[in-house]
Amino acid sequence: MSNQEIENNKENFFSQQDSIPNHVAVIMDGNGRWAKSRGLKRSLGHKAGMDQVKTIAKHANRRGVKALTVYAFSTENWKRPLDEVNYLMQLPVEFFDTFMPEIMEANIKVTMIGIPDKLPRKTKKVMENAIKSTQNNKGMVLNFAVNYGGRSEILAAAKDLAKDIAEGKKNPQKVTEEDFESYLMSSVLGEYQNVDYMIRTSGEERISNFMLWQNAYSEFYFSPLAWPDFNEKAFDEALAIYQKRQRRFGGV
Ligand code: FPP
């Protein structure tokens with residue numbers, strides 16, 4: 001979209017700036033089908049998906065989103081063919097090699113949730129470097145879920161809490177939901193840890209072990225578009241739908 005189109009869209013869609021969701025989480029589905037429908041290899045779908053992360057990160061930041069979590073690789077994705085896994089694992093390297101200047105210019109802060117241990121050395125290093133070099137940035141947080149699974153995150157938090165209880169550092173009777181949240185990997189997102197808007201592309205309507213705790217009260221949006229086609233206009237349309245939702249958090 002041109003800058004003029006982006007501005008026009010903003011005027012058309014958004015009357016109340018304050019109803020922009022703070023934390024948007026995205027299941028970027030449909031890369032493989034996008035590629036197949038064009039007679040391309042699946043890896044080219046993931047490459048196009050990576051380019052769309054750049055576009056949507058810049059756009060979400062411009063719209064005032066505070067945190068954007070993208071599901072780049074799940075704990076279940078290791079089951080894919082080895083060449084696809086290898087391709088997905090080198091995407092963060094390519095992403096930060098090409099996108100770091102724009103990340104710095106937009107003041108975007110990079111964080112990660114997931115288990116880094118199993119990642120190839122180079123992938124782990126590039127994530128660590130990006131997190132370190134953007135740690136003082138004050139714009140939107142771009143949070144990568146890599147080797148991430150919602151259940152394993154909750155289980156790890158429960159184990160850490162149990163350890164602190166066993167060591168007498170916590171009183172089990174006094175543990176609150178907020179205390180528990182501080183044990184989750186997503187605590188890197190601070191006050192924006194819980195998801196406000198969960199977007200899944202490509203017509204699939206399921207949660208796939210993604211941020212199970214954090215999605216407790218989020219609004220859901222399912223787009224028929226494949227992730228590589230989910231452009232700025234599609235994101236604005238999703239935001240416009242969010243603004244029409246009434247969030248009651250269990251109240252009336
Ligand atoms: C699901 O589509 C997508 C993934 C498993 C990978 C998503 C990764 C990216 C979009 C790139 C991430 C970018 C960085 C910077 C790490 P699918 O392959 O399951 O699609 P299909 O259902 O059509 O086969």
Side-chain angles (χ1 to χ4, degrees), residues 24-61 67-104 106 108-116 118-131 133-134 140-150 198-211 222-232 234-235:
V24 178
V26 189
I27 301 182
M28 308 180 289
D29 203 359
N31 296 338
R33 278 164 284 164
W34 181 91
K36 198 171 169 216
S37 69
R38 284 162 178 75
L40 303 170
K41 283 185 6 194
R42 288 179 60 81
S43 56
L44 288 175
H46 294 313
K47 161 88 175 69
M50 177 195 75
D51 289 337
Q52 203 66 302
V53 175
K54 297 178 182 175
T55 303
I56 294 302
K58 283 188 288 185
H59 190 64
N61 185 38
L68 177 72
T69 299
V70 289
Y71 205 0
F73 195 89
S74 75
T75 44
E76 288 72 36
N77 286 152
W78 297 106
K79 291 184 225 152
R80 294 187 176 214
L82 187 60
D83 61 342
E84 184 169 343
V85 168
N86 288 342
Y87 188 83
L88 284 167
M89 282 297 147
Q90 66 79 39
L91 274 183
V93 181
E94 193 176 333
F95 181 85
F96 290 114
D97 273 355
T98 52
F99 195 45
M100 205 40 139
E102 286 178 81
I103 287 184
M104 294 313 280
I108 288 173
K109 177 176 167 170
V110 175
T111 56
M112 183 190 144
I113 53 173
I115 304 162
K118 217 179 147 188
L119 302 179
R121 202 177 46 83
K122 211 168 169 194
T123 312
K124 199 173 149 188
K125 188 93 203 119
V126 83
M127 291 300 314
E128 283 168 0
N129 285 346
I131 292 165
S133 39
T134 63
M140 185 186 79
V141 177
L142 176 57
N143 182 38
F144 286 89
V146 188
N147 193 22
Y148 173 84
M198 220 288 286
I199 297 174
R200 183 170 190 147
T201 57
S202 90
E204 308 293 338
E205 301 188 358
R206 54 181 176 268
I207 194 157
S208 300
N209 201 15
F210 187 46
M211 304 196 94
F222 299 106
S223 167
L225 297 173
W227 172 247
D229 289 328
F230 193 81
N231 57 17
E232 295 128 314
F235 190 82

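Remember, it's 1-based here, ligands and their atoms both numbered in the order they're listed. On a predicted model such as this, the values are computed, not experimentally measured, just so you know.
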Exercise. With atom 2 (O) of ligand 1 as the reference point, say which of Leu91, Asp29, Asp51 has the nearest heavy atom.
Key: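 Of the listed residues, Asp29 has the closest heavy atom.
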Geometry only, no angles: is [X] polar-contacting ligand 1 at N/O separations under 3.5 Å?
X	result
Trp227	no
Met50	no
Tyr71	no
Asn77	no

Exercise. Calculate, to the nearest 0.5 Å, the distance between atoms CG and CD belonging to Asn209 and Glu76 respectively.
Key: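 Between atom CG of Asn209 and atom CD of Glu76 there are 5.0 Å.
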Specify the protein heavy atom at minimum distance from [atom]: its residue, its atom name, and the distance to 0.1 Å.
atom	answer
atom 6 (C) of ligand 1	Ala72 O, 3.5 Å
atom 10 (C) of ligand 1	Asn31 ND2, 3.2 Å
atom 1 (C) of ligand 1	Met28 O, 3.4 Å
atom 22 (O) of ligand 1	Arg33 NH2, 2.9 Å
atom 24 (O) of ligand 1	Arg42 NH1, 3.0 Å

Quiz item: Can you say whether the rings of Phe210 and Tyr148 are parallel (under 30°), tilted (30 to 60°) or perpendicular (over 60°)?
Solution: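 Perpendicular.
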So do [Y] and [X] actually touch side chain to side chain, heavy atoms under 4.5 Å?
X	Y	value
Thr98	Glu102	no
Pro116	Met127	no
Arg42	Asn31	no
Val26	Phe230	no
Phe95	Val126	no
Asp29	Phe222	no

Quiz item: What atoms of ligand 1 come closer than 4.0 angstrom to any heavy atom of Arg80?
Solution: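 Going through ligand 1 atom by atom, the ones under 4.0 Å from Arg80 are 5 (C), 17 (P), 18 (O), 19 (O).
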Exercise. Report, in ascending order of atom number, the atoms of ligand 1 lying under 4.0 Å from any heavy atom of Phe144.
Key: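 Reading through ligand 1 atom by atom, the close ones are 15 (C).
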Quiz item: Does NZ in Lys41 sit with more than 12 non-hydrogen atoms of other residues, nucleotides or ligands closer than 6.0 Å?
Solution: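 Open.
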Quiz item: So is Gly30 close enough to ligand 1, meaning a heavy atom under 4.0 angstrom away?
Solution: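 Judged by the 4.0 Å heavy-atom criterion, Gly30 does count as contacting ligand 1.
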